[in-house]
Protein chains: 4
Amino acid sequence: MVDKPVPDATRRSEKSRRAIHDAALALVAEVGYPKTTVEAIAARAGVGKQTIYRWWPSKADVLLEAFLDLGAQTARELGQEPYVIPDTGDLAVDLKAVLRATVDELLDPRFEAPARALAAEGLVNEPLGREFVAKLLEPQLRLYVDRLRSAQDAGDVRPDVDPRIALELFVSPLAQRWLQHTGPISYEYTDTLVDYALHGLAPR
Amino acid sequence: MVDKPVPDATRRSEKSRRAIHDAALALVAEVGYPKTTVEAIAARAGVGKQTIYRWWPSKADVLLEAFLDLGAQTARELGQEPYVIPDTGDLAVDLKAVLRATVDELLDPRFEAPARALAAEGLVNEPLGREFVAKLLEPQLRLYVDRLRSAQDAGDVRPDVDPRIALELFVSPLAQRWLQHTGPISYEYTDTLVDYALHGLAPR
Amino acid sequence: MVDKPVPDATRRSEKSRRAIHDAALALVAEVGYPKTTVEAIAARAGVGKQTIYRWWPSKADVLLEAFLDLGAQTARELGQEPYVIPDTGDLAVDLKAVLRATVDELLDPRFEAPARALAAEGLVNEPLGREFVAKLLEPQLRLYVDRLRSAQDAGDVRPDVDPRIALELFVSPLAQRWLQHTGPISYEYTDTLVDYALHGLAPR
Amino acid sequence: MVDKPVPDATRRSEKSRRAIHDAALALVAEVGYPKTTVEAIAARAGVGKQTIYRWWPSKADVLLEAFLDLGAQTARELGQEPYVIPDTGDLAVDLKAVLRATVDELLDPRFEAPARALAAEGLVNEPLGREFVAKLLEPQLRLYVDRLRSAQDAGDVRPDVDPRIALELFVSPLAQRWLQHTGPISYEYTDTLVDYALHGLAPR
DNA sequence: CAGTAACCGAGACGGTACGTCTGGTCTTTAT
DNA sequence: ATAAAGACCAGACGTACCGTCTCGGTTACTG
């Protein structure tokens with residue numbers, strides 16, 4: 001069992017890397033993930049196939065990197081909000097705002113196709129799934145944990161509540177509706193989720 | 001554009017159908033979905049490839065049908081109550097019981113491999129996804145809706161709560177943890193979900 | 001090794017047999033031998049595939065029988081000449097007449113397609129080849145042998161000449177030109193063959 | 001209607017080409033032409049199927065090229081005189097010698113199987129047939145034409161004889177006997193053919 | 001400032017699976 | 001019992017991609 005020699009990253013062509021990213025994202029959006037082949041990415045990027053296989057182990061990894069890059073770049077363009085959940089003191093208001101922004105993102109076709117493709121691949125390809133969760137999902141979820149902890153400090157959430165579980169009450173339903181088309185997605189829906197989660201279903 | 005002639009279903013070989021189901025489920029469990037090829041299913045089932053292509057449009061559909069059949073058959077073997085949520089009068093107890101049973105099922109490797117594979121394929125293959133949801137997910141969710149409505153009648157759930165949304169507070173988090181490995185699955189976890197969902201996060 | 005039970009020939013459908021013959025000849029003429037499939041013959045003849053496989057071992061045999069039948073039928077229709085080479089007393093004249101008739105037949109598209117197909121199959125499928133030769137070729141050649149012997153009796157051919165070989169001097173060249181397209185076929189050509197064969201190439 | 005892109009012949013693998021030739025010839029000899037499949041050739045040659053389809057349009061063309069190559073190679077090995085008919089001054093002797101050599105070749109199983117297969121395919125597949133004739137048959141026949149012309153110059157053949165037709169008197173009968181098994185092949189037979197052809201059948 | 005080593009575009013290669021087609025057998029229903 | 005119909009097992013077809021490899025050519029370090 002020999003490791004393949006590690007290529008020299010310093011000599012890597014940045015132009016090719018970006019062209020591959022762009023081609024991968026474009027193809028996924030245009031023809032869907034399963035029909036997005038490595039050959040097609042290479043052809044579209046004007047790149048040899050080997051240049052892809054040299055730097056990525058699979059097309060899923062190409063797409064994941066391209067998508068992460070897209071996220072980073074978009075964030076940089078938007079500039080402002082350095083990925084925190086606002087803290088106006090009113091937890092419900094803050095959560096609703098963030099979830100509404102998430103709704104917008106989930107419905108943006110630029111994000112939808114690759115995100116869904118990566119999620120799907122991640123279900124079945126465990127290493128990729130773990131990377132997807134670790135690099136994309138967890139950082140987001142951590143922000144909710146932080147905000148919920150701050151709310152606990154302020155007495156707006158019961159102290160015995162586990163924030164890591166609590167956040168799933170409003171995040172997971174939205175995720176499932178989006179991923180599996182189990183229901184429509186709207187501001188009203190996410191607002192309702194926040195209300196239910198904060199105050200429960202049982203009468204007070 | 002010509003439709004291919006519809007084969008005569010009355011002359012279909014039931015033996016072959018079952019052999020194909022079994023082979024498909026076995027292969028998915030053994031080598032995973034992507035490596036489960038139509039050729040391998042045919043070979044394992046002792047069947048010509050054409051017999052698969054005659055009756056199913058794709059391997060995803062074979063697997064979906066096999067899985068639905070497996071579910072129906074398992075339910076038939078278990079015999080008794082064909083999937084209802086118990087109604088002891090104590091909503092929390094009933095939900096926790098059902099979710100614990102769900103946890104068991106999700107961790108049963110017989111179910112896990114094909115279920116995950118189908119879920120993944122469904123994310124990216126919309127017709128299949130819709131069928132997956134309609135035939136497998138929704139029937140389950142409807143049971144929760146019924147139980148929650150009964151709880152509303154009993155005054156255990158606020159009457160203005162939408163049951164279809166409410167059930168997602170405990171079902172979706174479990175689904176997401178299972179699908180995306182975003183956290184461990186246990187009885188304790190599902191119990192907690194029920195408690196949080198019923199009573200909310202905010203102090204009373 | 002079991003022999004398959006011999007079907008009862010007395011109950012055989014004559015209508016089907018003829019329909020299969022016709023379909024086979026028509027298909028060979030229309031789409032060529034390699035594209036003439038048993039399925040297509042059956043469909044065109046309005047017959048089940050099994051009816052073909054019950055009575056013939058292969059499509060080549062179907063075609064051979066159909067072709068022999070066609071020959072017999074044509075001969076019956078033409079009526080007159082009961083397959084003999086005329087004997088006017090002038091060997092050269094007689095041979096030229098028969099060869100000119102053969103040229104006409106070889107250029108008749110009704111005969112060309114199946115005859116060529118059978119010849120080709122016969123090259124590679126030895127049992128069929130032998131049957132083709134025995135049933136079609138040899139009877140024809142025997143007529144030449146008879147005529148040449150009669151010529152020997154009349155002193156028009158040297159008595160030490162082997163008629164079975166002698167006939168090949170004019171028959172085989174024509175056959176090869178036709179089969180392999182190694183040269184054009186015409187009355188002039190066959191007349192020349194007869195002249196060369198009878199009098200040789202060397203000056204007298 | 002798009003042409004498929006022409007592959008770059010300079011990068012072609014000579015090793016693969018030869019392996020395919022060898023496999024094709026071996027298989028035809030072993031199992032016969034119809035059972036020689038492209039898949040089997042590829043497998044035996046240790047080559048991907050696409051490598052065959054990239055360079056040849058059909059298995060018949062593979063075999064034709066392989067056979068031509070074999071002929072060229074054999075000729076090269078034999079070394080000396082690259083296929084001429086000897087000219088000792090005695091036409092009969094020369095022709096008999098060449099035809100005896102041809103008999104040997106026709107009975108050599110290394111040549112027989114592919115040659116027969118190609119001839120058969122050529123009957124039914126016209127482009128291939130034309131190539132077979134042009135590349136294999138005609139060059140041989142041209143040698144006879146030359147020798148006959150030389151004989152005409154020497155006064156051993158009548159000057160009004162067409163050599164292209166004359167050669168068929170002894171070549172075609174041999175060809176037909178070999179191809180169609182219409183009679184045995186032997187030195188005695190070919191000697192007789194030459195005698196008959198040169199001096200005719202009619203008494204002098 | 002040549003020499004040389006790596007990456008690069010290109011694409012042929014050995015493979016695997018695809019979805020289709022046909023061969024020859026078997027089964028069902030009707031005559 | 002034969003026939004029409006057609007589903008069945010089997011396996012080759014020709015295509016599409018996979019991931020590896022080999023080929024010049026073009027940078028961009030090194031001696």
Side-chain angles (χ1 to χ4, degrees), chain A residues 4-5 7-13 15-16 19 34-40 42-43 45-55 57-59, chain B residues 4-5 7-13 15-16 19 34-40 42-43 45-55 57-59, chain C residues 4-5 7-13 15-16 34-40 42-43 45-55 57-59, chain D residues 4-5 7-13 15-16 19 34-43 45-55 57-59:
Chain A
K4 55 180 71 174
D8 178 350
T10 65
R11 304 195 48 178
R12 182 170 184 183
S13 161
K15 208 179 73 179
S16 293
K35 288 188 169 173
T36 297
T37 67
V38 174
E39 295 207 339
V47 137
K49 277 203 288 179
Q50 195 56 37
T51 301
I52 296 183
Y53 285 112
R54 190 166 12 240
W55 301 111
S58 76
K59 83 171 167 175
Chain B
K4 55 181 69 172
D8 178 349
T10 67
R11 304 194 41 188
R12 182 168 184 184
S13 161
K15 209 178 74 178
S16 293
K35 287 189 168 170
T36 297
T37 67
V38 175
E39 290 203 321
V47 138
K49 277 202 287 179
Q50 197 55 46
T51 300
I52 296 183
Y53 285 112
R54 190 168 12 246
W55 301 111
S58 75
K59 82 172 167 177
Chain C
K4 54 180 72 172
D8 178 350
T10 66
R11 307 198 47 178
R12 182 168 183 185
S13 160
K15 208 179 71 178
S16 293
K35 287 189 168 170
T36 297
T37 67
V38 174
E39 295 208 337
V47 136
K49 275 203 290 179
Q50 195 54 42
T51 301
I52 296 183
Y53 284 111
R54 193 168 6 245
W55 301 109
S58 75
K59 82 172 166 175
Chain D
K4 54 182 68 172
D8 178 349
T10 67
R11 303 193 42 187
R12 184 168 183 184
S13 161
K15 210 180 72 178
S16 293
K35 286 188 168 171
T36 297
T37 67
V38 175
E39 289 203 325
I41 296 174
V47 138
K49 276 204 286 180
Q50 197 54 48
T51 301
I52 296 184
Y53 286 112
R54 188 161 20 235
W55 300 110
S58 74
K59 81 172 166 176

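Every chain is numbered from 1, with letters handed out A, B, ... down the list of sequences.
Where Ala9(B) and Ser58(A) each meet DNA chain F at their nearest nucleotide, the meeting point lying more 5' is that of Ala9(B). Residues Arg54(D) and Ala42(A) each lie close to DNA chain E; by heavy-atom proximity, the contact nearer the 5' end of the strand is made by Ala42(A). Closest-nucleotide positions on DNA chain E for Ser13(D) and Gly46(A) were compared, and the one nearer the 5' end corresponds to Gly46(A).
The phosphate of dA3(F) (OP1 or OP2) has a side-chain N or O of Trp55(C) nearer than 4.0 angstrom. Side-chain N/O atoms of Thr51(D) include one lying less than 4.0 angstrom from OP1 or OP2 on dG14(E).
In terms of the side-chain contact (heavy atoms from CB on, under 4.5 Å) criterion, residue partners of Ala19(D) (sequence neighbours excluded) are, by chain and number, Ala45(D).
The heavy-atom pair separating Asp8(D) from Trp55(D) by the smallest distance is O-CH2, 3.7 Å. Across every non-hydrogen atom of Ile52(D) and Val38(D), the tightest pair is CD1-O, 3.9 Å. Taking both residues in full, the closest heavy atoms of Lys59(D) and Pro34(D) are given as NZ-O, 3.6 Å, listed atom of the first, atom of the second, then distance.
Between the NZ atom of Lys35(D) and the P atom of dG24(E) there is a distance of 10 Å, rounded to whole Å. Whole-Å rounding puts the Glu39(A) CD to dA12(E) P distance at 11 Å. For Lys59(A) and dC17(F), the NZ to P distance is 10 Å, given to the nearest whole Å. To the nearest angstrom, C1' of dC23(F) lies 10 Å from CG of Asp8(D). Distance CD1 (Ile52(B)) to C1' (dA17(E)): 13 Å, rounded to an integer number of Å. Tyr53(C) places its OH atom 17 Å from the P atom of dA5(F), with the value rounded to the nearest Å.
Residue Arg12(C) is in sugar-phosphate contact alone, with no base atom involved, counting any heavy-atom pair closer than 4.0 Å across all strands shown. At the heavy-atom level, Ser16(D) lies under 4.0 Å from the strands shown only through sugar-phosphate atoms.
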- Sugar-phosphate atoms are those with a prime plus P, OP1 and OP2; base atoms are the rest. Using that split, label each nucleotide of nucleotides 26-31 of chain E B, S or - for protein heavy atoms under 4.0 Å, 5' to 3'. BB----
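Bending across the helix from dC1(E)-dG31(F) to dT31(E)-dA1(F), expressed as the angle between its end axes from five pairs apiece, amounts to 10° (10° rounding).
Note that CD1 of Ile41(D) and CD of Glu39(D) are 10.5 Å apart. Values are rounded to the nearest 0.5 Å.
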